[in-house]
Amino acid sequence: MARMKFLCDAERCIECNACVTACKNEHEVPWGVNRRRVVTLDDGVPGEKSISVACMHCSDAPCQAVCPVDCFYTTEDGVVLHDKDMCIGCGYCFYACPFGAPQYPQQGAFGSRGKMDKCTFCAGGPEPDNSAEELEKYGRNRLAEGKLPLCAEMCSTKALLAGDGDVVSDLFRNRVVRREGRPEVWGWNTAYKD
Amino acid sequence: MLLAIFLLPMTGYISTGFATADEQAQHTNPRADYWRQVRDNTNGYSAVKGRETNELIQGSGETWRQLRNGPVALIGSGLLIFTLAVLTVFYVWRGKVELTHPRTGKTIERWTLNERRLHWVTAGLFVILTVTGLSLLYGRAVLIPLFGHHGFAAYADLAKWFHNILGPLFMIGLILMIVNWASLNLFNRIDLEWFKQYGGMVGDSHPSAEKLNAGEKLFFWCLVFAGIFLCLSGLVLDFPNFNQERELIQLSHLIHVVTAIGLIAFSLGHIYIATIGTEGALEGMVTGQVDTAWAEQHHDLWAKEVMNKEPDSH
Ligand code: HEM
Ligand code: SF4
Ligand code: SF4
C-alpha cells in the first residue's frame with residue numbers, strides 16, 4: 001500500500017502562502033484555524049528559506065500516543081486521521097506534535113478548546129466518504145475522489161509535494177541529483193536547473 | 001560540529017594524525033547548519049498568526065510524550081498500587097487501633113461546623129479531581145476496554161469539564177485550610193518524640209500529642225506544598241488563553257501529574273488511618289465531637305487542655 005507523505009522543497013518555496021489559502025478554502029476550515037502554514041527562517045536575510053508545514057502524518061505519531069480517548073487512526077494510505085466525535089479538546093496532541101499541527105477553535109470562556117482540527121491529507125474522517133457529515137467536520141475527501149491534496153496540487157513552484165512516499169522521494173532525489181552533490185544540494189542557483 | 005564532537009576528545013593522544021580532519025570540521029555546510037537551526041526550535045516568521053505558528057519544529061513535545069506515557073504513567077500506577085498493597089498488608093497485620101479504655105460517653109468538641117464543612121468540601125473536590133484526573137491518564141488503558149471508545153469519550157468529555165471547573169475551587173479550599181490550620185500544624189519537640197515511637201501505629205505505646213499529632217502535621221504540610229505546585233501547574237493547563245508556550249505547558253503538565261499522584265498516595269494513607277485504621281477518629285470530623293476516652297488516648301495534651309477549660313463538657 002502507498003504511504004502518503006508531504007515534502008516541501010525549501011529551495012523552491014517562495015512563501016506565497018497559496019497552499020495555506022487553498023486549504024482554508026477547500027475545507028471551509030473554522031475561524032482561527034489554519035491547517036497549513038508557511039514558516040520563513042532568516043526572514044529578510046540573504047539565504048532565507050521558507051517551508052510549508054502541516055500535519056506530517058507521522059509513522060509513530062506522538063499525537064496518537066498521548067490522546068487520552070485514543071481517537072486517532074492511521075488509514076491504509078498511512079494518513080493520520082482523528083474522530084471529532086470522540087475528541088474532548090484536551091490539547092495533549094498539540095503539546096506532543098512536533099509540527100504544531102493540531103489546532104482548536106475556541107469554545108467558551110478562558111480559551112477553552114473545542115474539538116481539535118488538523119490537516120487530513122484531504123482524506124476526510126471516519127464518516128462515509130464524501131458524506132455531508134464528513135464535509136462538515138473534516139472538509140473534502142479528495143483522496144476518495146482519486147485526487148491528491150490541493151495544497152500540493154496547486155503549488156506554483158512545485159515546492160510542496162504530496163503523494164505516495166516512494167514517488168515523492170524519487171522526484172526529490174531526481175532534483176537533488178541534478179543539483180549535483182553535497183553543498184549544492186541546497187541552493188537557489190541550482191534548484192531550477194532542469 | 002558533529003564531526004568535531006566526535007573528534008575533539010581524541011585529539012589529546014593522536015593530535016597530529018587528525019590535524020587535517022579537524023580543519024575539515026570547521027567547514028560545516030551552511031545549509032546543514034540551517035537545518036540544525038530548524039531542529040533547535042528556532043523561531044522564524046509566519047504570515048499565519050497564532051500561538052507559536054512561527055516555530056517550525058518543537059522538539060520538547062516528544063520528550064514530554066516519552067515521559068508522560070513512560071516513567072510517569074508507569075511509576076505513578078506502581079506507586080498507587082504499592083500504597084494500596086502496603087495499607088492492606090498493614091491492616092491485616094495490625095488491624096484497627098482500638099480504644100484502650102471504654103468510652104466514657106462524655107464528648108468534647110474537636111472540629112467546629114465550619115471546619116468540618118471546609119474539610120469535607122475540599123476532600124470531596126479532591127476525590128472528584130482524583131477520579132477525573134486519573135481517568136485522563138489511565139482511562140485509555142483501563143476504561144476503554146470496559147466502556148468502548150465512544151462510551152469512554154463521552155465520560156472523558158464530562159470528566160475533563162468537571163476537572164477544569166472544580167480545580168480552581170479546590171484551590172480556594174486549600175487556601176482556606178492554610179489560613180485556618182497552619183498555626184495548629186507547627187512542629188515542636190513533642191512531635192519528635194511522636195515520630196520516634198511511630199505514632200503508636202507500631203507497638204502499644206501511646207506517644208503524647210496535642211490537638212494534631214505529628215503524622216497529621218506531616219500530611220498537612222505535604223498537602224500544602226504539593227497542593228501549591230498542583231494548583232499553580234493546574235492553572236497553567238486550565239487557562240490556555242494567555243498564550244503560554246508549549247514548553248511551559250509540558251513542564252506544568254509533568255509537575256501536575258507527579259504532584260497529583262504523590263498527593264493521592266499520601267491521601268490514601270490519610271484516609272486509611274482516619275477510617276478503618278483508628279477506632280473513633282472519623283467521628284470527630286463527622287459530628288465534631290469525640291469521646292474523651294479517644295481524646296485522652298490519641299491527643300492527651302489537647303484533651304487535658306480542653307477539659308481544664310470546661311470541666312463539665314457534654
Ligand atoms: C487548582 C487545582 C487544579 C487544576 C486547575 C487542575 C487542572 C488540570 C488540567 C487543566 C488538566 C489537564 C487535563 C485537561 O485539560 O483535560 C489536569 C490534569 C490532571 N489533573 Fe488536575 N487540576 C487541579 C487539581 C488536581 C488535583 C487535586 C488532582 C488529584 C489529586 C489532579 C489530578 C490530575 C491528573 C491525574 C491529571 C491527568 C494528567 C494526564 O492525563 O496526563 N488535579 N488538571
Ligand atoms: S498531528 Fe503532528 S504528531 Fe500527529 S501525525 Fe500530524 S504531524 Fe505527526
Ligand atoms: S485534543 Fe482531542 S484529539 Fe487531541 S489528544 Fe485531546 S482528545 Fe485526542
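Keep in mind that this is a model prediction, so the values were computed, not measured. Protein chains get the first letters and strands the later ones, always in sequence-line order, with residue 1 at the start of each.
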(request) Could you tell me which portion of Q250(B) (side chain, backbone, both or neither) has an atom closer than 4.5 angstrom to a non-hydrogen atom of chain A? (result) side chain

(request) Taking D238(B) for its side chain and G234(B) for its backbone only, find out whether a donor-acceptor pair lies under 3.5 Å. (result) no

(request) State whether D85(A) and K137(A) are salt-bridged, where the test is any N-O pair (Lys NZ or Arg NE/NH1/NH2 against Asp/Glu carboxylate O) under 4.0 Å. (result) yes

(message) Could you check whether R142(A) makes a cation-pi contact with F121(A), meaning its NZ or CZ is under 6.0 Å from the centre of the six-membered ring and within 45° of the ring axis?
(response) no

(request) Give, as side chain, backbone, both or neither, the part of Q103(A) having an atom under 4.5 angstrom from any heavy atom of chain B. (result) neither

(message) Please classify the contact of V66(A) with chain B as side chain, backbone, both or neither, using a heavy-atom distance under 4.5 Å.
(response) both

(message) Quick check on R65(B) against chain A: is it the side chain, the backbone, both or neither that has a heavy atom closer than 4.5 Å?
(response) both

(message) Please check this pair: side chain of K115(A) against backbone of G89(A), looking for a donor-acceptor N/O pair closer than 3.5 Å.
(response) no

(request) Please state whether the side chain, the backbone, both or neither of C67(A) comes within less than 4.5 Å of a heavy atom of chain B. (result) both

(message) For R3(A), is there an ion pair with D166(A) - N to carboxylate O distance below 4.0 angstrom?
(response) no

(message) At a 4.5 Å cut-off on heavy atoms, which part of I144(B) comes close to chain A: side chain, backbone, both, or neither?
(response) side chain

(request) For chain A, find its close neighbours in residues 46-56 of chain B: heavy-atom separation under 4.5 Å, sorted by number, or none. (result) S46(B), A47(B), V48(B), R51(B), E52(B), T53(B), N54(B), E55(B), L56(B)

(request) Please report the closest heavy-atom contact between L160(A) and F6(A), naming both atoms and the distance. (result) CD1-CD2, 4.5 Å

(request) Just do the side-chain contact (heavy atoms from CB on, under 4.5 Å) check on Y92(A) and H253(B) with the steps written out, would you? (result) CA-CA 10 Å; Y92(A) 289 6; H253(B) 180 277; 3.3 Å; yes

(request) Taking only Lys NZ, Arg NE, NH1 and NH2, and the carboxylate oxygens of Asp or Glu, determine whether R140(A) and E134(A) approach each other closer than 4.0 Å. (result) no

(request) With a 4.5 angstrom heavy-atom cut-off, could you sort out which part of Y104(A) is near chain B: side chain, backbone, both or neither? (result) neither

(request) Evaluate whether atom OH of Y73(A) has more than 12 neighbouring non-hydrogen atoms of other residues, nucleotides or ligands under 6.0 angstrom away. (result) yes

(message) Given heavy-atom pairs under 4.5 angstrom as the criterion, report whether the side chain, backbone, both or neither of N69(B) touches chain A.
(response) side chain

(request) Let me know if D70(A) has heavy atoms under 4.5 Å from chain B in its side chain, its backbone, both or neither. (result) both

(request) Could you tell me which of V38(A), D83(A), V53(A) has the largest number of non-hydrogen atom pairs under 4.5 Å with chain B? (result) V38(A)

(request) State, yes or no, whether a side-chain contact exists between N164(B) and S112(A) at a heavy-atom distance under 4.5 Å. (result) no

(request) Pick one of side chain, backbone, both or neither for N43(B), based on which atoms fall under 4.5 Å of a heavy atom in chain A. (result) backbone

(request) Could you tell me whether K49(A) and D42(A) make a salt bridge, using a distance below 4.0 angstrom between a side-chain N and a carboxylate O? (result) no

